[in-house]
Amino acid sequence: MQGAKRLEAVDAPSFSELFEAKKQYTQKTGQEVIDFSIGSSNIPPHPDLKNALSKAVLDDSVYQYSLSPTPEIVQAIQDWYVKRYGVQLEEDEIFLVKGSQEALSHIPLVFCDPEDIVLIPDPFYPIYGVAPQIAGAKIHYMPLLEENEYLIDFDAIPEEIAKQAKIMYVSYPNNPTGKKAPDSFYERLIDFAKKNEIIVLHDNAYSELVFDEQPGKSFLAFPDAKEVGFELNSFSKSYSMGGARLAVFVGNKECIKLYKKLINTIDFQAFFAVQKAGVEALKLRDEFVPGLRQEYKRRRDFLIDRMKEAGWEITPPEATMFVWAKIPDHYEDSAQFNNDLLKKAGVLANAGTSFGKQGKRYVRFALVRDDEEVREAAKRIKESGILNVNS
Ligand SMILES: Cc1ncc(COP(=O)(O)O)c(C=O)c1O
């Protein structure tokens, strides 16, 4: 069977290779690999949210096709955006998606003609790099460098590229670097987008997981943001609802109208029971989110401290549920280090290069393991000798 050429853009991870490497480690040592590679929360949702969902699935009406977001969830989103972010949203500035991933996969099909340019950061959340290619668009990478605080450097984007670009992906607090962006960055972004007539897609998956005193903002809270773009805000991390698939698409009404045109043709809305759970999640925000944030902050500090004891100094992230750790100098690149991490220490992280070229000297840990596993991982890393020059 011959797949379509567009599938060549999809560089699917080889799970069989990974499975084999994990199996070999277990056969050799009798121990399981400790896996930090998947950013899927192991913190359960609020019990009232689970109750609301289980009650909702007993209601026959939720089994109808969902043609549009319910009035209850639209109202709940409007109230949430005003209270949490200081942003007023009209009904036609709100749409629901089955997780941000749904939107990230389809957005280039909605906005890009073949050969149009999409600006994406590097490192990046993997679907950013795949979806434009499936749509036949071209990508221009914007390096996020440590010396620039991992912010997009607008001056480094060549003028002719900026003029041709159709859409720019921006995401702070940032996965994988764990950095947030100051207000001045968003002001510059909006100016840049206006000047070059670029649509801004702000992927705001981690505004609730900012660890200092300043809560994460919405892109839409900045003047003229709605003129230039929109925001995706996921329930996956903030409400531990990853498997339930729910996110909002909010902002520029023309963008939403165009997105709806495609998606309403090829699919329906989120399951009504999940929409009800979403309303409940927003009701429970003040009860749930501060504890969640505190727990990720505690996990961040615990992991950083254990790694430091093992001899690995890692800069703590300001936000998100990830730790972006620089690899030891004696390693050529992150793929080689990640391989040794798995084979010699039985610890699985993500090679930074799976997020783009700029990830060459990093690996990413997701804060999804309990303390005992983190302690054990640090011990194994130390004992494996991979942090030492002559390993
Ligand atoms: C930056 C970023 N965007 C989007 C997503 C996907 O979120 P969702 O579960 O809403 O599809 C993730 C998940 O890890 C993410 O890190």
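FYI, the numbering just counts along the sequence from 1. Start at 1 and go down the list; that is how both ligands and their atoms are numbered.
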Visitor: Give the residue, atom name and distance (to 0.1 Å) of the protein heavy atom nearest atom 12 (C) of ligand 1.
Guide: Tyr125 CZ, 3.3 Å
Visitor: To the nearest 0.1 Å, how far is atom 3 (N) of ligand 1 from its closest protein heavy atom, and which atom is that?
Guide: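 Among all protein heavy atoms, the one nearest atom 3 (N) of ligand 1 is Asp203 OD2, 2.5 Å.
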Visitor: Do Gln336 and Asp340 have side-chain N/O donor and acceptor atoms under 3.5 Å apart?
Guide: no
Visitor: Should Phe230 and Phe249 be marked as a ring pair (Phe, Tyr, Trp, His ring centres under 6.0 Å) after you check the CA-CA gap, both sets of side-chain angles, and the distance that decides it?
Guide: CA-CA 7 Å; Phe230 57 90; Phe249 183 134; 4.4 Å; yes
Visitor: Of all the atoms in ligand 1, which lie at a distance below 4.0 Å from a heavy atom belonging to Ser236?
Guide: 8 (P), 9 (O), 10 (O)
Visitor: Does at least one non-hydrogen atom of Arg245 fall below 4.0 angstrom from an atom of ligand 1?
Guide: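 Contact check Arg245 vs ligand 1: positive.
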Visitor: Pick whichever of Ser234, Pro173, Ala247, Gly242 has a heavy atom sitting closest to atom 7 (O) of ligand 1.
Guide: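 Nearest option to atom 7 (O) of ligand 1, by heavy atoms: Ser234.
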Visitor: Under a heavy-atom criterion of less than 4.0 Å, does Lys237 contact ligand 1?
Guide: yes
Visitor: Tell me whether the NZ or CZ atom of Arg293 lies within the 45° cone about the ring axis of Tyr296 and under 6.0 Å from its centre.
Guide: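 Ring-cation test returns no.
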Visitor: Check this for me: does any side-chain nitrogen of one of Glu208 and Arg285 sit under 4.0 Å from a carboxylate oxygen of the other?
Guide: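 Yes, charged N to carboxylate O under 4.0 Å.
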Visitor: Among Phe365, Tyr206, Phe36, find the one that has a ring pair (Phe, Tyr, Trp, His ring centres under 6.0 Å) with Phe322.
Guide: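 Testing each of Phe365, Tyr206, Phe36 against Phe322, the sole residue satisfying ring pair (Phe, Tyr, Trp, His ring centres under 6.0 Å) is Tyr206.
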Visitor: Checking side-chain contact (heavy atoms from CB on, under 4.5 Å) against Leu144, which of Asn174, Asp122, Asp153, Leu151 comes through?
Guide: Asn174
Visitor: Does an N or O anywhere in Tyr128 fall below 3.5 Å from an N or O of ligand 1?
Guide: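 Between Tyr128 and ligand 1, no N or O pair is found under 3.5 Å apart.
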Visitor: Report yes or no: does a heavy atom of Tyr206 sit under 4.0 Å from some atom of ligand 1?
Guide: yes
Visitor: Does the plane of the ring in Phe154 sit parallel, tilted or perpendicular to the ring in Phe192? Use 30° and 60° as the thresholds.
Guide: tilted
Visitor: Can you list the ligand 1 atoms lying under 4.0 Å from a non-hydrogen atom of Asn175?
Guide: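 Per the distance check, 15 (C), 16 (O).
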Visitor: List every atom of ligand 1 that sits less than 4.0 Å from any heavy atom of Gly99, numbering the atoms from 1 in the order shown and giving each element.
Guide: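 Near Gly99, meaning under 4.0 Å from one of its heavy atoms, ligand 1 has 10 (O), 11 (O).
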